[in-house]
Number of protein chains: 2
Amino acid sequence: MEWSIQEIAKIAGTTSRTLRHYDDIGLLKPSSTGHNGYRYYSQSALVQLQRILLLRELGLGLPVIAQVLDREQDTAEALHGHLGWLEQEQNRLGRQIASVRRTIKAVEGGENLMAEEILDGFDHTRYKDEVEERWGKDAYAMGDAWWRGMGQDEKQAWKQRAQKLGSDWIAAAKAGIAPDSEAAQELAERHVEWLQDIPGTPAAANGQNGVNSGDIKGYVTGLGDMYVADPRFGANYGGTEGAMFVRDSLRIYAELNL
Amino acid sequence: MEWSIQEIAKIAGTTSRTLRHYDDIGLLKPSSTGHNGYRYYSQSALVQLQRILLLRELGLGLPVIAQVLDREQDTAEALHGHLGWLEQEQNRLGRQIASVRRTIKAVEGGENLMAEEILDGFDHTRYKDEVEERWGKDAYAMGDAWWRGMGQDEKQAWKQRAQKLGSDWIAAAKAGIAPDSEAAQELAERHVEWLQDIPGTPAAANGQNGVNSGDIKGYVTGLGDMYVADPRFGANYGGTEGAMFVRDSLRIYAELNL
DNA sequence: CCTTGACCTTGACGTAACGTCAACCTTTAC
DNA sequence: GTAAAGGTTGACGTTACGTCAAGGTCAAGG
């Protein structure tokens, strides 16, 4: 018994285009071809097709399905791997949903979505890439959620605090004092305390992150290096020169106190 | 203050390619262009970019973002709509995950993924399209889960039952008895009882589906029509002739008893 | 024999949002 | 002068087909 392309398509609940596609990519060849080029499919081809469609409904990609059918990969193994990916996706969606909900609340609360003022002084989203690269996506996500979850006045306060810290650093650097001087070390202490108020980072006082507290030292010195290497951060501390002063002060503070 | 394309890319945490893309599709034009064709972006463009990236991270499509930025659509409204889509997706993923888990269990339990034997007599996946079209996606999903959740012997029993029912129908039709005869009505009763054992359909005895029991009558007569109209179903009852006999018997039974 | 309609074929564009060369021009720094 | 860095405009690749487009094949009817 052989069926034409439309017939198996109907039987299996798919379209003839899909069949041609599977033929093109070599996933499922017709069991015979007429002299006129017509594709004909046998019972065994139908079984294969059903398998393909079953796996496809589970979300597997066609290349993976091909491997499974060619016995190049164990079915259960492939499904396990796929399951992991699916769960990751679901988590991602969950986080995204939470973010959207927060944003809706913020917007409906009258907050202008990322107003100009956010730019001057402190803009946390600028650091997205660095943060994600160094401490993982979750770190940024937590910081991001924390930031957007704050009220207008809280944000204002935070920015003022950051700006004050920055200007104090610049003043200290201009004054030519040493990084290991008492004044500089006091600033370093303020800086670390400030960092500890950002959730999701290794420095966060409450250990809600998976990072153990032993990382704080490396985190702080790493930050110092970043301030110097990246002009966007350095700009907050009076350019590269100021950033170097901050870095040295922080390193010394970290060595002595963390 | 103006920035080159790489500079804002870095500041905003994206790539120059993305900026060019946004320029191409008209989502974000550079605030000025040099005589050499270089793109330059101002502070306000940066703000727009940040807004775009924020919305993009929330999963909105670029066309929607464009509408929001052009004030053609309310931000909160767009986010609400998007939220609905996200939740749908999450649900879909959840169902898919459950399906994959069941399939893994089946495969690891030694069941050959859709073996040949499934084809003869009864293959529920053949009816996917019809079931989904007539009674919704959930109906098929539930029936599907139910089928794959059964053990090998249970499936065997089910198929035997289906096949016995089919052959009895064929025999009755061949015997030339009337659809309203006692023998035919007994068969119709068996048929309905059989249908009631398939979860997710309007006929299911336990009302786990959102369908009210008043639909059973329409469901049964509708099925009869389908048997006649679709040769795949009719084949189970001895072709179109037999299917017509089944349809008439079922219709009479439904009128009298449902 | 011719037409009509149903079904088949291959070929090619479109989809979302860019990543990734390729080929070529500018600016900056040494 | 030249090399490095950065800019420009194409154009292809990505996933799994949907959707024409142009044209050949086959069974039935006038």
Side-chain angles (χ1 to χ4, degrees), chain A residues 2-41 45 49 51-69 82 85-86 89 92 96 128-129 231, chain B residues 2-41 45 49 51-69 78 82 85-86 89 92 96 129 231:
Chain A
E2 297 217 314
W3 296 281
S4 74
I5 193 168
Q6 289 234 31
E7 285 168 351
I8 17 136
K10 267 203 149 184
I11 291 175
T14 182
T15 69
S16 58
R17 178 64 178 90
T18 298
L19 270 303
R20 280 192 272 270
H21 183 56
Y22 291 168
D23 187 4
D24 286 348
I25 65 175
L27 179 56
L28 181 68
K29 296 283 186 187
S31 35
S32 74
T33 309
H35 66 293
N36 45 17
Y38 284 24
R39 296 172 175 82
Y40 294 103
Y41 295 81
L49 178 55
R51 275 197 256 250
I52 291 172
L53 295 179
L54 167 60
L55 293 175
R56 193 196 58 174
E57 274 174 49
L58 297 178
L60 276 83
L62 299 190
V64 178
I65 294 179
Q67 286 182 7
V68 170
L69 294 185
H82 182 53
W85 143 268
L86 282 177
E89 273 299 291
R92 200 179 57 76
Q96 210 169 50
K128 181 166 188 299
D129 277 350
Chain B
E2 298 216 315
W3 297 279
S4 74
I5 194 167
Q6 290 236 30
E7 285 168 351
I8 16 138
K10 269 202 147 185
I11 292 176
T14 182
T15 69
S16 58
R17 178 65 178 90
T18 299
L19 270 301
R20 288 195 200 93
H21 183 56
Y22 290 170
D23 187 3
D24 285 348
I25 65 175
L27 179 56
L28 182 68
K29 297 282 186 189
S31 34
S32 75
T33 309
H35 66 292
N36 45 17
Y38 283 25
R39 295 172 176 81
Y40 294 104
Y41 296 83
L49 178 56
R51 275 197 257 250
I52 292 171
L53 295 179
L54 167 61
L55 293 175
R56 195 197 56 175
E57 274 174 48
L58 298 179
L60 276 83
L62 298 189
V64 178
I65 294 179
Q67 285 182 7
V68 170
L69 293 184
H82 182 55
W85 144 269
L86 283 177
E89 275 297 292
R92 200 179 57 76
Q96 211 169 51
D129 277 351

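Note: hydrogens, waters and symmetry copies are ignored here, and every other heavy atom, side chains too, is used. Chain letters run A, B, ... following the sequence lines, proteins first and then strands; every chain starts at 1.
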Peer 1: Could you tell me how far apart B/Ile5 (CD1) and D/dA5 (P) are, to the nearest whole angstrom?
Peer 2: 19 Å
Peer 1: Quick check on DNA chain C: between A/Arg17 and A/Tyr38, whose nearest nucleotide comes earlier from the 5' end?
Peer 2: A/Tyr38
Peer 1: Contact class for A/Ser16 (heavy atom, under 4.0 Å): base, sugar-phosphate, or nothing?
Peer 2: nothing
Peer 1: Under 4.0 Å, heavy atoms only, any strand: does B/Tyr40 hit a base, just the sugar-phosphate, or nothing?
Peer 2: nothing
Peer 1: What contact category does B/Arg56 fall into here, base, sugar-phosphate, or nothing, at under 4.0 angstrom with non-hydrogen atoms?
Peer 2: sugar-phosphate
Peer 1: Using a 4.0 Å heavy-atom cut-off, does B/Pro63 contact any base of the nucleic acid, only the sugar-phosphate backbone, or nothing at all?
Peer 2: sugar-phosphate
Peer 1: Looking across every strand, which nucleic acid part, if any, lies under 4.0 Å from A/Gly34 by heavy atom: base, sugar-phosphate, or nothing?
Peer 2: nothing
Peer 1: Is any side-chain heavy atom of A/His21 closer than 4.5 Å to a side-chain heavy atom of A/Leu62?
Peer 2: yes
Peer 1: For B/Ile25 and D/dG10, give me the distance from atom CD1 to atom P, rounded to whole Å.
Peer 2: 17 Å
Peer 1: Looking at side-chain heavy atoms only, is the closest gap between A/Arg39 and A/Arg20 below 4.5 Å?
Peer 2: yes
Peer 1: Examine distances only and state if a side-chain atom of A/Ser31 and a backbone atom of A/Tyr40 form a donor-acceptor pair shorter than 3.5 Å.
Peer 2: yes
Peer 1: Hey, what bend do you get for the helix from C/dC1-D/dG30 to C/dC30-D/dG1 if you fit axes on five pairs at each end, rounded to 10°?
Peer 2: 40°
Peer 1: Does any N or O donor sit under 3.5 Å from an N or O acceptor when you compare the side chain of A/Arg20 with the base of C/dT9?
Peer 2: no
Peer 1: Using a 4.0 Å heavy-atom cut-off, does A/Thr15 contact any base of the nucleic acid, only the sugar-phosphate backbone, or nothing at all?
Peer 2: sugar-phosphate
Peer 1: Would you say A/Glu7's side chain and A/Ser4's backbone share a donor-acceptor pair under 3.5 angstrom?
Peer 2: yes
Peer 1: Under the criterion side-chain contact (heavy atoms from CB on, under 4.5 Å), which of A/Leu49, A/Ile52, A/Thr18 is the partner of A/Leu27?
Peer 2: A/Ile52
Peer 1: Taking for each residue the nucleotide of DNA chain C bearing the nearest heavy atom, is the 5' side occupied by B/Leu60 or by B/His35?
Peer 2: B/Leu60
Peer 1: Using modelled atom types and a 3.5 Å cut-off, is there a donor and acceptor pairing between side-chain atoms of B/Gln96 and backbone atoms of A/Glu57?
Peer 2: yes
Peer 1: Check the distance between C/dC8's C1' and A/Ile8's CD1 and give it to me in whole angstrom.
Peer 2: 13 Å
